[in-house]
Amino acid sequence: MIDTILACLFAASALLGGILMILLRHPMRVAMALIVTMISLGGIYGILGVHEIAVFQIMIYVSAVMVFMVYAIMLLDVRDSSFVDRFSKLLIPAWSSARCWRARSPGWRSRARGFRPARGATPTSASRPSRPRSSTTTGCTSS
Amino acid sequence: VLAAVAVASRAGGGAVDKFQILIGVSLALFSLGLLGIIIRRNLLVMLMCMELMLNAVSLSLVTYAARNGTVDGAVLVFLTFVVATAEIAMAIPIVLLLVRTKRTLDVDAYSDLKG
């Protein structure tokens with residue numbers, strides 16, 4: 001029981017580090033978030049009982065690889081244009097294609113809950129009350 | 001990514017099996033790394049997102065190995081560690097050489113093969 005709770009805590013911190021990697025601007029802070037994620041994954045490996053993998057995760061990833069990465073970040077220029085503007089031009093296509101995919105296959109949320117709606121039920125919004133209705137109208141006309 | 005996080009939270013909310021939670025976390029971390037490779041524009045941040053994807057795959061390997069009670073996944077993860085270290089040791093000098101030629105870390109500047 002306690003290992004499940006600890007695994008949930010480590011998994012939450014790993015997910016938090018992954019989300020912060022997407023959102024943070026400076027590469028040094030992204031590296032710190034990645035270190036948080038890797039240490040959490042090492043904790044998960046320790047909980048799962050493979051202690052060698054946990055030790056090598058800390059020794060190789062957090063020590064060797066991330067020290068090398070931090071060294072490269074500190075070597076390169078801080079006033080770069082990619083530091084100021086954090087997202088590339090592919091952000092808009094990625095976002096719109098995600099919206100298109102979600103509008104085209106709207107059943108993933110109910111499939112994730114484990115039940116599938118009836119075949120003859122025409123009001124599909126009754127089975128998905130939390131889905132915003134504006135997702136079918138924004139940015140995707142081909143579906 | 002939203003689907004992966006929803007699946008992960010759903011697996012964590014309803015079940016007591018920690019392997020399902022860890023597989024969901026692995027899926028979410030892989031999706032976050034892929035999303036970071038797509039939408040970020042710094043070369044070093046893209047490399048770090050690649051490391052995140054590699055870590056997610058290692059987590060799924062270790063989880064399945066611990067679930068089955070074998071050590072095959074652990075051996076594969078050792079191989080993955082070696083490959084990841086060699087990959088970073090090759091990739092960082094490549095990034096340094098690219099920055100020396102173009103004076104920027106922006107990936108949008110490296111579009112010479114676009115035609």
Side-chain angles (χ1 to χ4, degrees), chain A residues 1 3-4 6-8 10-12 14-15 17-19 21-22 24 27 30-31 33-34 37-38 41 44-45 47-50 52-53 56-57 60-61 64-66 68-69 71-73 75-77 80-83 85-91 93-95 98 101-102 108-109 112-114, chain B residues 1-3 5-8 10 12 14 16-19 21-22 24-25 28-29 31-33 35-36 38-45 47-49 51-52 55-56 58-59 62-63 65-67 71 73-74 77-78 81-82 84-85 88-89 92-93 95-96 99 103-109:
Chain A
M1 188 60 202
D3 55 346
T4 306
L6 274 178
C8 284
F10 278 126
L15 278 181
I19 291 169
M21 276 185 68
I22 304 291
L24 287 177
V30 176
L34 183 55
T37 304
M38 285 173 175
L41 287 183
I44 288 175
Y45 295 156
I47 286 171
L48 284 178
V50 274
E52 312 89 26
I53 300 289
F56 274 91
Q57 169 92 7
I60 292 181
Y61 268 115
V65 172
M66 290 317 289
F68 201 27
M69 192 73 84
Y71 158 72
I73 291 169
L75 185 65
L76 295 175
D77 193 9
D80 198 81
S81 67
S82 62
F83 288 14
D85 210 5
R86 76 184 90 166
F87 294 129
S88 73
K89 290 182 292 188
L90 284 175
L91 175 64
W95 185 78
W101 176 74
R102 199 178 154 196
W108 62 269
R109 192 184 288 271
R113 283 204 184 110
Chain B
V1 175
L2 280 178
V5 171
V7 168
R10 183 60 54 190
V16 293
D17 194 5
K18 64 172 183 261
F19 298 112
I21 302 169
L22 292 181
V25 165
L29 284 182
S31 308
L32 281 171
L35 184 68
I38 291 171
I39 71 173
R40 292 303 291 259
R41 62 190 298 177
N42 198 330
L43 271 176
L44 290 169
V45 175
L47 272 181
M48 283 188 265
C49 289
E51 288 298 310
L52 185 65
N55 268 308
S58 301
L59 176 63
V62 170
T63 306
R67 187 182 183 182
V71 293
V77 167
F78 269 114
F81 282 172
V82 177
T85 312
I88 284 299
I92 297 277
V95 168
L96 291 183
V99 171
R103 298 284 171 195
T104 181
L105 273 172
D106 196 352
V107 283
D108 293 336

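Naming convention: chains lettered A, B, ... in sequence-line order (proteins, then strands); numbering from 1 in each chain. Note that the coordinates shown come from a computational prediction; the quantities given were computed from them, not determined experimentally.
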**Student:** Tell me, out of A/Leu24, A/Ile53, A/Val65, who's got the most heavy-atom pairs with chain B below 4.5 Å.
**Tutor:** A/Ile53
**Student:** Please look at A/Ala94 and chain B and tell me whether the side chain, the backbone, both or neither of the residue comes under 4.5 angstrom of a heavy atom of that chain.
**Tutor:** side chain
**Student:** Work out which heavy atom in B/Ala65 is nearest to a heavy atom in B/Ala74; give both atom names and the distance.
**Tutor:** CB-N, 4.2 Å
**Student:** Check each atom of A/Tyr71 against the heavy atoms of chain B and say whether the ones under 4.5 Å are side chain, backbone, both or neither.
**Tutor:** neither
**Student:** If you tally heavy-atom pairs under 4.5 Å against chain B, which of A/Ile60, A/Thr37, A/Leu34 wins?
**Tutor:** A/Leu34
**Student:** If you count heavy-atom pairs within less than 4.5 Å of chain B, which of A/Pro93, A/Gly49, A/Ala11, A/Ala7 leads?
**Tutor:** A/Ala11
**Student:** At their closest point, which heavy atom of B/Leu32 faces which heavy atom of A/Gly18, and how far apart are they?
**Tutor:** CD1-C, 3.7 Å
**Student:** Heavy-atom pairs under 4.5 Å with chain B: which of A/Ile22, A/Leu91, A/Val50, A/Ile47 has the most?
**Tutor:** A/Ile22
**Student:** Is there a donor-acceptor pair under 3.5 Å between the side chain of A/Tyr45 and the backbone N or O of B/Leu59?
**Tutor:** yes
**Student:** Looking at OG of B/Ser58 and CG of B/Leu29, how far apart are the two atoms once the value is rounded to the nearest 0.5 Å?
**Tutor:** 11.0 Å
**Student:** Indicate the atoms forming the closest heavy-atom contact of B/Met48 with A/Pro27, along with that distance.
**Tutor:** CE-O, 3.6 Å
**Student:** Looking at B/Asp108, B/Val77, B/Thr63, which one has more heavy-atom pairs under 4.5 Å with chain A than the rest?
**Tutor:** B/Asp108
**Student:** B/Ile38 versus chain A, heavy atoms under 4.5 Å apart: side chain, backbone, both or neither?
**Tutor:** both
**Student:** Give, as side chain, backbone, both or neither, the part of B/Asn55 having an atom under 4.5 angstrom from any heavy atom of chain A.
**Tutor:** both
**Student:** With rounding to the nearest 0.5 angstrom, report the CD1 to CG distance, B/Ile92 to B/Leu44.
**Tutor:** 5.5 Å
**Student:** How many angstroms lie between CG in B/Asn42 and OG1 in B/Thr104, if you round to the nearest 0.5 Å?
**Tutor:** 8.5 Å
**Student:** At a 4.5 Å cut-off on heavy atoms, which part of A/Ala33 comes close to chain B: side chain, backbone, both, or neither?
**Tutor:** neither
